[in-house]
Amino acid sequence: MWFPFLPTDRWRMCCPSAKPDEPLVLVATERNARRLTAACPQAREQGLAPGMTPADALARVPGLCVDEADPAADTRLLLRLSDMALRWSPIVQPDPPDGLLIDISGCTHLFGGEDALAADATALLGRHLSVRHTIASTPSAAHALARFPVSAASEEQAIRCLPVAALGLPPEAETALRRAGLKLVGDLADRPTAPLSARFGKQAALALDRLLGRADHRLSPRRPLPALQFARRFAEPIAHVDSVLGAVDGLAMKAARVLEQRHQGGRSFAISLCRSDGEMRELALETGQPTRDPALLQRLLRERVEALSDPLDPGFGFDLIRFAVAATEPLESVQADLQARGKQGEALSALIDRLSVRHGRERIRRLLPVDSHVPERAVRSVPALDDGQAAAWPLPPPGEPPLRPICLLDPPEPIEVLAEVPDAPPRRFRWRGVSHIVTRAEGPERIAAPWWQKASEGRPTRDYYRVEDEAGRRFWLFRRGLHEREAGHPSWFIHGQFA
């Protein structure tokens, strides 16, 4: 699908007050000069074209409307169109700057055939845009025939009648081909590839082979293809939320049956609700463990809908609903024992799923250990739904207290040492205005700066001690800096408390 006037059509969509028949051009700075980058059909009828200077354009058309080009906005519109095109096929590739490539293989029967699908797509995507479509057997052929329409009895003949400009080569290569008398693709089709590559470059030979279908040219979908996808179309659009949720529940049950047959489960699910006006609403569900339980998915879906800050807006109704399983993982059926062991883990996983759906996956987090001897760097926070693989948490020997507290102070808080012993833990210290007399102490655990970093660069050596006061409270203290070598008078800090 080619949108030949995408920039100017977008400009008119953003400016409803603009006169539809007024000549319009968009300009930008190219190579330190102001040039026309786009011209509407009315402007082209009066001889204006991209590449001209604004002064020449205004001289030819005094009442010309001139505005600044916005390539970023054009790109956003093209991506939005590609998302809308997902209603016809899961394989959609933006073809910048003004086209879409849609692989409709295996999809046409769902829409009444190729012609019906093309008419539906043209009517929906071309509601405010000029659009031209072509159906061909290869992406390169569809791209070329949409931009250079040719009347022929077959696709092969039409391709041979295309001008060499349809190859999309740099201007220098295209000019060289024309000067050599090779003006049509058919003039090149029967020639050997090796001389063509030697004279006009490998890019010319590759473009020709792709256009003729002799070289593979696969699309790169804008979105990754899901492992499983199910869809339901409606003869009449539905607008009631309960009806929408019921349709999604039915698709989830279909997915569950297929997953069960394959002994698989999913952890990421996507629901696409396509409105009759082309707009699309998307809902995403994630679970902490692989699942194929439709009841669980139904609960999570309702939690997700209730948590939406912008409620579902059906407009004139949804006429297509898709349910996709982004990726699958092995999941074997497990028979529950009589004592229902393991239910606690399942309940916790279900709770994490519900909280993450309601409050957002980034707000429900868990901690994973990191292989680092620096306390602040020995842990990282990740979303609870992430399937993070990490080493097990280090455990103290049996019967021994933990080496480090579970909760650390960030940052460590300074303490006032009232009775200090060189190279030993303090006998008495004050923290937050309260004095503590140390009755027991263990240490030190020395943590130095990494070998590639000097202590003078901001990471002096730390000597950690586990201490206990008269009331039985236990603290994790450290002295920062070694006597005389790194600090004249080392300072003391508390980094955490033991339970």
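Quick caveat: nothing in here was measured; it's all calculated off a predicted structure.
Side-chain contact of His217 with Ser140: a donor-acceptor pair under 3.5 Å is present, judged by distance alone.
Remark: Phe429 pairs with His436, Phe475 by the ring-ring contact (aromatic ring centres under 6.0 Å, His included) rule, at least two apart or across chains. Looking at residues two or more places apart in sequence or on another chain, you find a side chain to side chain donor-acceptor pair (under 3.5 Å) between Ser82 and Arg222. Residues meeting the ring-ring contact (aromatic ring centres under 6.0 Å, His included) test with Phe3, sequence neighbours left out: none. Partners of Glu445 according to the side chain to side chain donor-acceptor pair (under 3.5 Å) rule, which considers only residues two or more places apart in sequence or in another chain, are Arg404. In this structure Thr439 satisfies the side chain to side chain donor-acceptor pair (under 3.5 Å) test with no other residue, sequence neighbours excluded. In this structure, the ring-ring contact (aromatic ring centres under 6.0 Å, His included) partners of Phe493, at least two apart in sequence or on a different chain, are Phe478. Residues forming a side chain to side chain contact (heavy atoms under 4.5 Å, CB included) with Ser130 (at least two apart in sequence, or on another chain): Pro4, Phe5, Asp9. With sequence neighbours excluded, the residues that form a side chain to side chain donor-acceptor pair (under 3.5 Å) with Arg466 are Glu442.
Across Cys107 and Leu117, no two heavy atoms sit closer than the pair O-CD1, 4.2 Å. When all heavy atoms of Ala327 and Ala227 are compared, the closest pair comes out as CA-CB, 4.1 Å. In terms of heavy atoms, Gln289 sits closest to Arg267 at C-CG, 3.8 Å. Nearest heavy atoms, Val325 versus Gly266: CG1-CA, 4.1 Å. Listed here is the closest heavy atom pair of Ile91 and Pro221: CG2-CG, 3.8 Å. Of all heavy-atom pairs between Val131 and Gly126, the closest is CG1-CA, 3.8 Å.
Expressed to the nearest 0.5 Å, how far CD of Glu303 lies from CG of Leu355 amounts to 8.5 Å. With rounding to the nearest 0.5 Å, the separation of CD1 in Ile104 from CD1 in Ile135 is 4.5 Å. With values rounded to the nearest 0.5 angstrom, Met1 atom CE is found 15.0 Å from His143 atom NE2. Of the inter-residue distances, the one linking Cys407 atom SG with Gln497 atom CD reads 8.5 Å to the nearest 0.5 angstrom. Rounded to the nearest 0.5 Å, atoms CG (Leu125) and CD1 (Ile102) are 6.5 Å apart. Interatomic distance, CZ of Phe323 versus CG of Leu228, reported as 9.5 Å (0.5 Å rounding).
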Just do the side chain to side chain contact (heavy atoms under 4.5 Å, CB included) check on Val379 and Leu368 with the steps written out, would you? CA-CA 6 Å; Val379 64; Leu368 294 179; over 6 Å; no
Run the numbers on Val244 and Leu273 for side chain to side chain contact (heavy atoms under 4.5 Å, CB included), then give the verdict. CA-CA 9 Å; Val244 173; Leu273 310 175; 3.9 Å; yes
Is there a side chain to side chain contact (heavy atoms under 4.5 Å, CB included) between Thr122 and Arg132? Walk through the geometry before answering. CA-CA 8 Å; Thr122 301; Arg132 182 187 299 166; over 6 Å; no
Does the pair Arg127 and Asp277 meet the rule for a salt bridge (charged side-chain N to carboxylate O under 4.0 Å, His left out), with working shown? CA-CA 9 Å; Arg127 184 169 299 176; Asp277 61 356; 5.3 Å; no
Would you check, one step at a time, whether the test side chain to side chain contact (heavy atoms under 4.5 Å, CB included) holds for Arg480 with Asp463? CA-CA 7 Å; Arg480 188 173 65 179; Asp463 282 343; over 6 Å; no
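For the pair His495/Pro375, a side-chain contact is recorded, criterion being any heavy-atom separation below 4.5 Å from C-beta on. Contact of the Leu331 side chain with the Leu259 side chain is not registered, since no non-hydrogen atoms from C-beta on lie closer than 4.5 Å. Contact of the Trp88 side chain with the Leu86 side chain is not registered, since no non-hydrogen atoms from C-beta on lie closer than 4.5 Å. A heavy-atom distance below 4.5 Å is found between the side chains of Phe498 and Pro402. Residues Pro383 and Ile364 have side chains not in contact (no heavy-atom distance under 4.5 Å, counting atoms from C-beta outward). Leu26 has its side chain out of reach of Val66: every pair of non-hydrogen atoms, C-beta onward, lies at least 4.5 Å apart. A heavy-atom distance below 4.5 Å is found between the side chains of Leu6 and Leu77. Contact check for Leu477 versus Pro426: side-chain heavy atoms found under the 4.5 Å cut-off.
Under a 4.0 Å N-O distance rule, the pair Glu468/Arg473 does not qualify as a salt bridge. A salt bridge does not link Arg299 to Asp353: none of the charged nitrogens lies less than 4.0 Å from a carboxylate oxygen. Salt bridge Glu329/Arg262: absent, no basic N to carboxylate O contact under 4.0 Å.
When atom types are taken as modelled, the side chain of Arg12 and the backbone of Ser17 share no donor-acceptor pair closer than 3.5 angstrom. With Arg363 contributing its side chain and Ser356 its backbone, the two residues share no donor-acceptor pair below 3.5 Å. Of the possible polar contacts, one joining the Arg275 side chain to the Asp313 backbone as a donor-acceptor pair under 3.5 Å is found. Remark: the backbone N or O of Ser381 is paired with a side-chain donor or acceptor of Arg365 at under 3.5 angstrom.
Among residues at least two apart or in separate chains, side-chain hydrogen bond (donor to acceptor under 3.5 Å, both in side chains) pairs with a member in residues 67-80 are Arg10-Asp74, Trp11-Asp67, Arg34-Glu68, Arg80-Glu279. For the salt bridge (Lys or Arg N to Asp or Glu O under 4.0 Å) condition, the pairs that include at least one residue of residues 85-103, sequence neighbours left out, are Arg87-Asp319, Asp95-Arg147, Asp98-Arg147. Applying the side-chain hydrogen bond (donor to acceptor under 3.5 Å, both in side chains) definition to pairs two or more places apart or across chains, those involving residues 231-254 are Asp249-Arg302.
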Per-pair distances, 0.1 Å, donor-acceptor, side chain in residues 412-420, under 3.5 Å, sequence neighbours excluded:
unit_1: Glu413; atom_1: OE1; unit_2: Trp431; atom_2: NE1; d: 2.8
unit_1: Glu413; atom_1: OE1; unit_2: Arg432; atom_2: NE; d: 3.0
unit_1: Glu413; atom_1: OE1; unit_2: Arg432; atom_2: NH2; d: 3.4
unit_1: Glu413; atom_1: OE2; unit_2: Arg432; atom_2: NH2; d: 2.7
unit_1: Glu416; atom_1: OE1; unit_2: Arg430; atom_2: NH1; d: 2.9
unit_1: Glu420; atom_1: OE2; unit_2: Trp492; atom_2: NE1; d: 3.4

